[in-house]
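To start, the structure under review is shown below, and the notes come after it.
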Amino acid sequence: MLIKLKRGWELPERAATPEAVFHDRRRLLKAAAAGPILLAAPALLTACDEAPAPTARAGGAVAAEPDPSAHLYPVARNLRYRLDRDQTPEADATTYNNYYEFGSSKNIWKKAQALPLRPWTVVIDGLVEQPFEIGIDELLAKMPLEERLYRHRCVEAWSMAVPWSGFPLKALVDLAKPLGSAKYLRMTTFHDPEVASGQKAPWYPWPYEEGLTIAEATNELAFIATGIYGKPMPKQNGAPLRLAVPWKYGFKSAKGIVRFQFTEIRPVSFWEEIQSSEYGFWANVNPNVPHPRWSQASERVLGANHRLETQLFNGYGEFVAELYKGLEGEKLFM
Ligand code: MTE
């Protein structure tokens, strides 16, 4: 069982960080190390047993303004990727979400509708032949769209199985033309606290960032999802671009990406920066390596009344185990 700790938004007033500190990420974390913010931060991803959102469960994806990419979907399914379980009902996958930009509860789908999806410009830079920016519709037109059925395992020990539409991350890496010196790919989420009120919370190191090695990013499983259930991606699930790396805990799958940066230095991701002993860079799923505060041996299946045993690499070892040969000294499962 989980120990339910205080959440970030339960911070007492006196723990709030002064505005000036909020604007300086490094200084904030230093300040946090000395004060009560640090005590609150590791309590964030503990909500395994939270009940699904009580609202809007009947209609599936939330009706919002028409998405300009709607005509692209549905796309043909790639049958190479199969599920060992039923698909999660659409109404569950689209109303039980983690998107801290819009709040730390699971019921953020309504708030997420505030996110404008056009214009949406993606920056591709860092160690590439030529940095460039590209509008989302031009990017979608260049990418080979397909549908894939993937399992998704949250570090909080719940899981879902959904049909993502999108394109292999490798196609974007090829478009970017990284230099030989690039070792990592850093992905950064939009930053607009006026739209995403969660980004006003000063105890988080905004914007949300995640990273992969180039070998991981070009592995055939790494996928940029742009749709779900044969439709454009709902905002609460990460529209217009979100990562799907199904062999890793769900926090690696960054939503609302605006920047892909190729680097030589390993990126420090959002949750790693908050609490590296609980949320590391690799974060590969392993039932035998417990989270410091709960077991990872089994998972609650979203939309069903049962638990399943968790599998090593979330069942995707045949595709990814090779990536970690020789890295046994790393904390691969945290
Ligand atoms: N991406 C951003 N930008 N912000 C977030 O809070 N949460 C992560 C991941 N991507 C998160 C994010 C976590 S913890 C999980 S489990 C998944 O998104 C949840 O994806 P879902 O809401 O589509 O199930």
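Note that ligands are numbered from 1 as they come in the structure, with each ligand's atoms numbered from 1 the same way. Both backbone and side-chain heavy atoms feed into the values below; hydrogens, waters and symmetry mates do not.
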message: Quick one: does any side-chain atom of T213 pair with a main-chain N or O of E216 as donor and acceptor, under 3.5 Å?
response: yes
- prompt: Does W164, backbone or side chain, put an N or O under 3.5 Å from an N or O of ligand 1?
  reply: no
- prompt: Would you say G256 contacts ligand 1, with heavy atoms under 4.0 Å as the rule?
  reply: no
query: Which bit of N97 is near ligand 1, meaning a heavy atom under 4.0 Å away: side chain, backbone, both or neither?
result: both
task: Indicate yes or no: does an N/O atom of Y100 lie under 3.5 Å from an N/O atom of ligand 1?
output: yes
query: For the ring pair F333 and F313, is the centre-to-centre distance below 6.0 Å?
result: yes
- request: Say whether Y96, considering both its backbone and side-chain N or O atoms, lies within less than 3.5 Å of an N or O atom on ligand 1.
  value: no
- request: Kindly say whether the aromatic ring centers of Y279 and F251 come within a distance under 6.0 Å.
  value: yes
- prompt: Side chain, backbone, both or neither: which part of Y208 comes within less than 4.0 Å of ligand 1 when only heavy atoms are counted?
  reply: side chain
field: Sub-4.0 Å heavy-atom contact, M160 with ligand 1
entry: yes
task: From the options S159, A93, G250, select the one whose nearest heavy atom is closest to atom 15 (C) of ligand 1.
output: G250
statement: The atoms of ligand 1 lying under 4.0 Å from a heavy atom of F251, numbered in the order shown, are 8 (C), 13 (C), 14 (S)
message: With a 4.0 Å cut-off on heavy atoms, is R242 in contact with ligand 1?
response: yes
- line: For T189, the ligand 1 atoms with a heavy-atom partner under 4.0 Å come out as 3 (N)
- request: Determine whether the side chain, the backbone, both or neither of F102 has a heavy atom under 4.0 Å from any heavy atom of ligand 1.
  value: neither
message: At less than 4.0 angstrom from any non-hydrogen atom of H152, what atoms of ligand 1 do you find?
response: 16 (S), 17 (C), 19 (C)
- request: Taking the six-membered ring for Trp and the single ring otherwise, decide whether the centroids of F190 and W206 are under 6.0 Å apart.
  value: no
task: May I ask you to check if ligand 1 and W271 share an N or O to N or O distance below 3.5 Å?
output: no
- request: Kindly determine whether V289 and Q296 satisfy side chain to side chain contact (heavy atoms under 4.5 Å, CB included), including the steps that lead there.
  value: CA-CA 7 Å; V289 179; Q296 295 291 24; over 6 Å; no
Atoms of ligand 1, numbered as shown, that sit under 4.0 Å from any heavy atom of C154: 16 (S)
- prompt: Quick one: are the ring centres of W282 and Y324 less than 6.0 Å apart?
  reply: yes
message: Using a 4.0 Å cut-off to any heavy atom of S253, which atoms of ligand 1 qualify?
response: 9 (C), 10 (N), 12 (C), 18 (O)
query: Between the side chain of D192 and the main-chain N/O of E194, is any donor-acceptor distance below 3.5 Å?
result: yes
task: Would you mind listing which atoms of ligand 1 come within a distance below 4.0 Å of any non-hydrogen atom of A254?
output: 1 (N), 10 (N)
task: Write down the atom of W120, the atom of A239, and the distance for their closest heavy-atom approach.
output: CH2-O, 4.3 Å
task: Please work out whether any backbone atom (N, CA, C, O) or any side-chain heavy atom from C-beta onward of E156 is under 4.0 Å from ligand 1, and answer side chain, backbone, both or neither.
output: neither
query: Hey, is CD on E322 packed in by over 12 heavy atoms from elsewhere, all under 6.0 Å?
result: no
message: Test side chain to side chain contact (heavy atoms under 4.5 Å, CB included) on V258 and V122; report intermediate values, then the result.
response: CA-CA 5 Å; V258 294; V122 178; 5.9 Å; no
task: Would you check whether W158 reaches within less than 4.0 Å of ligand 1, judged by its heavy atoms?
output: yes
message: Please confirm whether G238 approaches ligand 1 to less than 4.0 Å, judged on its heavy atoms.
response: no
query: In this structure, which one of E146, E147, E220 forms a side-chain hydrogen bond (donor to acceptor under 3.5 Å, both in side chains) with N78?
result: E146
message: Evaluate Q236 against Q113 for side-chain hydrogen bond (donor to acceptor under 3.5 Å, both in side chains), listing each step before the verdict.
response: CA-CA 7 Å; Q236 63 273 26; Q113 303 318 306; 3.0 Å; yes
